[in-house]
Every structure is written in C-alpha cells, then in structure tokens.
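Take a look at the structure set out below.
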Amino acid sequence: MTTDNSHDWALATQAIRAGHARTHEQEHGEPIFPTSSFVYGSAAEAARKFGGEEPGNIYSRFTNPTVRNFEKRLAVMEGGERCVATSSGMSAILSTALALLQAGDEIVASRSLFGSTVSLFDKYLGKFGITTRYVELSDLEAWEAAITPATRLLFAETPSNPLSEVVDIKALAEIAHRHDAWLAIDNCFLTPALQKPIELGADLVIHSATKYLDGQGRAIGGAVVGRDKELEELFGVVRTCGPCMSPFNAWIFLKGLETLNLRMKAHCENALELARWLEAHPAVARVHYSGLESHPQHALASRQQKAYGAVLGLEVAPSSGKGAREAAWSVIDATQIMSITGNLGDVKTTITHPGTTTHGRLNEEQKAAAGISEGLIRVAVGLEDLDDLKGDLARGLDALV
C-alpha cells in the first residue's frame with residue numbers, strides 16, 4: 001500500500017489509511033512492534049544505521065514502526081510535514097520548549113492555559129532563564145504589546161480550558177511571524193477533525209493524544225506537528241532525553257484516529273444541545289461554550305472551526321445558604337452517570353471542579369486572571385444518551401433553585 005498521495009485524501013480517509021506501510025506479512029490492521037531494539041545482518045549495517053547513512057530502526061526510544069505509523073498519520077491529518085510523538089501532552093510541550101528555546105528567551109502565552117502548562121512555564125522553564133508573559137487569549141493588541149526582542153514563542157490553547165475562549169489563529173500567526181517568533185497552538189480540544197491551525201498559519205500544533213485522539217481514556221501520549229526544520233530538533237530532544245511514546249500506546253491512538261471524525265461530530269452535537277439546555281436552567285448563571293450565540297466569540301469560532309468541541313463550563317451561583325464552591329460541589333456530587341475526574345476526551349462524560357482540580361495549583365490571582373471561579377464546573381460531554389445527561393445534571397441543579 002502506498003500513502004504518497006495521502007495529503008490529497010479527505011480527513012476521514014486519512015484517519016483510517018494514512019501512514020501504514022504493510023510488512024511482508026501483508027497484514028490488514030496495523031501491527032504493534034513491542035520491542036526495545038532491532039537487529040542487523042552485519043556490523044557494517046549497524047554502523048550505517050547508527051551513523052544515519054542508511055534509514056532504519058535503531059532503538060524504540062526514537063525509532064519504532066508503530067510509533068512512526070501514528071506520527072505519519074497525524075502529520076497528514078494536521079497538514080504538517082512531520083510529527084514527533086511523546087509520552088504525554090505535557091512532555092510534548094516541554095520537548096517543544098527544550099528544542100526551540102534557550103536561557104534569556106521569552107514566551108508570550110494565554111492566561112487561559114491548563115494549570116500544569118502554567119506550572120511548567122513558570123516553575124520549571126523559569127529556573128533556566130526562560131520568562132513567560134501572560135495575556136488575554138482573545139486580545140490581539142495585548143499579544144503584540146507583550147512581545148519583546150527576546151520573544152521566541154507564542155503559545156495558546158484555542159478553545160481554552162474550560163471557558164471555551166477563542167483566539168484568531170490567522171491574525172495571531174501574523175503577529176508572531178512579524179516578530180520572528182513561532183506560534184504553537186494546543187489543538188487537543190478540537191483535533192484536526194474540527195480545526196487545522198497549520199492551515200491558519202500556526203508553526204506547531206501540540207496534542208495531548210490522551211484526549212480525543214484516543215477517545216476512550218485508555219492511554220497517555222502527546223504529539224507535536226510542524227515543519228521538518230523545527231521537528232528535527234524536537235526529535236533530537238526525544239531521542240536524547242527520552243520522553244517517548246510506547247508502541248502499545250501508539251497502536252491505541254491509531255485505533256482512536258480511525259473513529260475520530262465520527263466521534264467528534266457526535267460529541268459536538270451532544271455538547272451544543274446540552275449547553276443550550278443549561279443556558280436555560282435557572283440555577284445556571286452562565287454557560288461557557290463557543291457554540292452558543294451568546295458566546296462573545298461565537299462568530300470567530302464559527303469561522304475557524306468546523307464545530308465547537310465537547311468541553312463546556314457552567315457557573316452556578318451561591319444558593320440556599322451554599323457558597324459558590326459548595327453549590328458547585330453539590331451539583332457534581334449529585335451526578336450518578338458522569339465520571340468525577342479531571343480527564344476529558346472520553347466517550348464517557350466527565351465532570352470536575354477546575355478550581356480545586358485541573359487548575360488547583362494556580363494561586364488565587366492566577367485563577368482570577370484565567371476566569372476560574374469557585375462556582376465553575378467543567379463538563380466534557382461524552383456520547384451517552386443526551387436525556388440521561390440532562391437528568392444527571394438536573395438532579396443537582398434543581399436542588400439549587
């Protein structure tokens with residue numbers, strides 16, 4: 001089977017067919033190569049491969065056929081030249097920073113980042129002389145104003161977690177390139193099924209493959225997609241430092257990609273209808289979901305996304321003697337179907353209180369800047385029956401009225 005023209009296929013076909021080079025066994029499904037190393041027919045062959053004179057597998061930390069299959073497929077789907085897979089989404093972000101930045105460089109990033117990303121930038125990259133400046137995600141003037149001659153990387157999640165804020169990727173890419181900086185977009189909430197940041201001008205697309213690329217909460221992994229030039233240096237980080245993806249996890253992600261297009265459509269349909277229902281509930285003060293016409297960036301989201309994703313935030317107000325956190329916790333604790341967990345991207349709906357879980361390590365000032373209130377609940381809408389999900393939330397919300 002040849003995949004030379006896979007860039008011309010529709011995404012649904014790419015997700016099933018791209019990247020698989022059949023072995024001599026002529027297998028129909030992608031094989032798993034759970035091996036740490038590979039053998040050679042002679043010392044000379046080993047020397048050529050270790051020396052880069054001849055392509056081939058060397059050691060599964062950085063060359064494994066199953067991982068390579070996943071990398072090729074995701075690169076094609078995102079419209080990039082190359083993909084490097086990593087052990088987790090956070091290691092994908094770390095590897096990107098190690099590959100592209102050095103002491104004295106600066107990052108400009110959205111305030112609306114996953115809590116662990118903020119900790120990585122401030123606590124760990126900061127130790128090595130890399131400074132991060134934070135701005136409002138949608139404020140393009142603030143992005144431009146924060147850039148200095150030392151700025152090398154602009155970093156954003158769009159839509160954001162968990163407020164579904166959106167930035168104009170094309171405009172932000174123009175700002176980055178005008179200042180000779182890279183733009184990296186975390187695309188794990190939408191995936192290439194719904195958004196193509198590279199087509200909009202981004203240099204790098206970052207994924208927590210753990211989320212929707214898998215889709216069933218089975219494995220942890222990450223990936224970075226971009227041009228060969230930047231990705232070659234990032235590959236060197238993975239090769240040397242070792243935050244590599246396991247062959248088994250790569251195979252899991254390959255199976256997840258096969259149903260990505262269908263799953264994301266179903267996720268989005270459920271999420272939009274649930275968001276509309278929540279917006280009408282008297283116990284809900286506000287719903288954060290870019291698919292709602294009430295969302296301040298609904299028009300932008302409609303322009304650069306195929307749909308609006310599966311993650312929404314709802315804010316409940318203090319009620320019946322309960323403070324905002326107590327009210328939010330009571331809604332979460334009343335659920336019987338939804339899984340109380342900080343993860344997302346699953347066919348199973350998950351629910352969490354961001355202020356004490358996913359963003360719990362942020363200080364109060366950082367939470368306020370990111371819009372993480374005490375009454376905020378995040379729901380990552382799965383594929384269960386929608387009436388069952390409404391009933392599950394109604395149990396706790398109705399008690400607040």
Centroid-centroid under 6.0 Å between Tyr134 and Phe121 rings
no

Tell me every residue that passes side chain to side chain donor-acceptor pair (under 3.5 Å) with Arg61, counting only those two or more places apart in sequence or in another chain.
none

Identify the residue among Leu154, Leu172, Asp203 that makes a side chain to side chain contact (heavy atoms under 4.5 Å, CB included) with His177.
Asp203

Lys49, NZ atom: more than 12 neighbouring heavy atoms under 6.0 Å
yes

Going by atom types only, do Arg378 and Asn161 share a side-chain donor-acceptor pair under 3.5 Å?
yes

Ring center gap for His207 and Tyr212 short of 6.0 angstrom:
no

Where the side chain of Thr210 meets the backbone of Gly221, is there a donor-acceptor pair that is under 3.5 Å apart?
yes

Without swapping roles, check the side chain of Glu258 against the backbone of Ala15 for a donor-acceptor pair under 3.5 Å.
no

Rounded distance (nearest 0.5 Å) linking atom CZ of Phe248 with atom CZ of Arg218
8.5 Å

Indicate yes or no: at least one non-hydrogen side-chain atom of Ser87 is less than 4.5 angstrom from one of Cys244.
no

Sub-4.5 Å side-chain heavy-atom contact between Ile351 and Leu393:
yes

Please determine, by modelled atom types, if Glu279 and Ser294 share a side-chain donor-acceptor pair under 3.5 angstrom.
yes

Can you confirm whether the side chains of Glu315 and Ser373 place a donor and an acceptor under 3.5 Å from each other?
yes

Less than 4.5 Å apart, any side-chain heavy atom of Ile340 and any of Thr352?
no

Closer than 4.0 angstrom, basic N to acidic O: yes or no for Arg48 and Glu53?
no

Using modelled atom types only, decide if a donor and an acceptor are shared between the side chain of Thr86 and the backbone of Ser88 within a distance under 3.5 Å.
yes

Any side-chain to backbone donor/acceptor pair from Arg73 onto Ile16? Under 3.5 Å, distance only.
yes

So how far is it from Glu157 CD to Leu137 CG, rounded to the nearest 0.5 Å?
9.0 Å

May I ask you to check whether His295 and Glu165 show a side-chain donor-acceptor distance below 3.5 Å?
no

Gln14 side chain to Trp9 backbone, donor-acceptor under 3.5 Å
yes

Regarding Gln195 and Asn187, do their side chains bring together a donor and an acceptor under 3.5 Å, going by distance alone?
yes

Quick one: sort the Phe253 and Phe70 rings into parallel, tilted or perpendicular, breaks at 30° and 60°.
tilted

To the nearest 0.5 Å, tell me how far Met338 CE sits from Asp388 CG.
10.0 Å

More than 12 heavy atoms of other groups within 6.0 Å of Trp329 CH2
no

Donor-acceptor pair between Arg361 and Ser116 side chains, under 3.5 angstrom
yes

State whether Arg111 and Glu136 are salt-bridged, where the test is any N-O pair (Lys NZ or Arg NE/NH1/NH2 against Asp/Glu carboxylate O) under 4.0 Å.
yes

Using 4.0 Å as the upper bound for N to carboxylate O, is an ion pair formed by Arg178 and Glu174?
no

Decide whether Ser36 and Ser60 meet the rule of one side-chain donor and one side-chain acceptor closer than 3.5 Å.
no

Does a side-chain N-to-carboxylate-O contact under 4.0 Å join Glu230 and Arg82?
no

Charged N to carboxylate O under 4.0 angstrom, Lys229 versus Glu81?
no

Taking atom CD of Glu27 as the centre, does the number of heavy atoms from other residues, nucleotides or ligands within less than 6.0 Å exceed 12?
yes

Between Leu213 and Leu74, is there a side-chain heavy-atom distance shorter than 4.5 Å?
yes

Count the heavy atoms belonging to other residues, nucleotides or ligands that lie under 6.0 Å from NZ of Lys306, then report whether that count exceeds 12.
no

May I ask you to say whether Arg395 pairs ionically with Asp392, meaning some side-chain N is under 4.0 Å from a carboxylate O?
yes

Rounded at 0.5 Å granularity, tell me how far OH in Tyr59 sits from CZ in Phe38.
10.5 Å

Carboxylate-amine/guanidinium proximity below 4.0 Å for Glu199 and Lys170:
no

Any side-chain heavy-atom pair of Pro247 and Asn64 under 4.5 Å
yes

With no hydrogens and no angle check, just 3.5 Å: does a side-chain donor-acceptor pair link Ser95 and Ser91?
no

Whether Gln304 side chain and Ile169 backbone form a donor-acceptor pair below 3.5 Å:
yes

Step-by-step side-chain hydrogen bond (donor to acceptor under 3.5 Å, both in side chains) determination, Glu384 to Thr349:
CA-CA 7 Å; Glu384 302 95 340; Thr349 298; 2.6 Å; yes

His179 vs Glu144, test: side-chain hydrogen bond (donor to acceptor under 3.5 Å, both in side chains). Steps then yes/no.
CA-CA 9 Å; His179 293 276; Glu144 182 120 39; 2.7 Å; yes

Using only atom types and a distance under 3.5 Å, with no angle test, would you say the side chain of Asp105 pairs donor to acceptor with the backbone of Ile130?
no

With the side chain counted from C-beta on, respond yes when Leu100 and Leu204 share a heavy-atom pair under 4.5 Å apart, and no when they do not.
yes

Side chain to side chain, Cys83 and Val224, heavy atoms closer than 4.5 Å:
no

Do side-chain atoms of Asn249 reach the backbone of Ile220 as a donor and acceptor pair under 3.5 angstrom?
yes

With heavy-atom distances below 4.5 Å as the criterion, would you say the side chains of Val67 and Phe33 are in contact?
no

Can a donor-acceptor pair be found, under 3.5 Å and without considering hydrogens, that links the side chain of Thr151 to the backbone of Thr148?
yes

Please tell me whether Thr13 and Arg17 have a donor and an acceptor in their side chains that are separated by less than 3.5 angstrom.
no

Do Lys367 and Glu364 sit within salt-bridge range, that is, some charged N less than 4.0 Å from a carboxylate O?
yes

Hey, do the aromatic rings of Tyr308 and His298 have their centres closer than 6.0 Å?
yes

So CZ of Arg152 and CD1 of Ile147: to nearest 0.5 Å the spacing works out to 11.0 Å

Got a donor-acceptor contact below 3.5 angstrom from the Gln305 side chain to the Gly291 backbone?
no

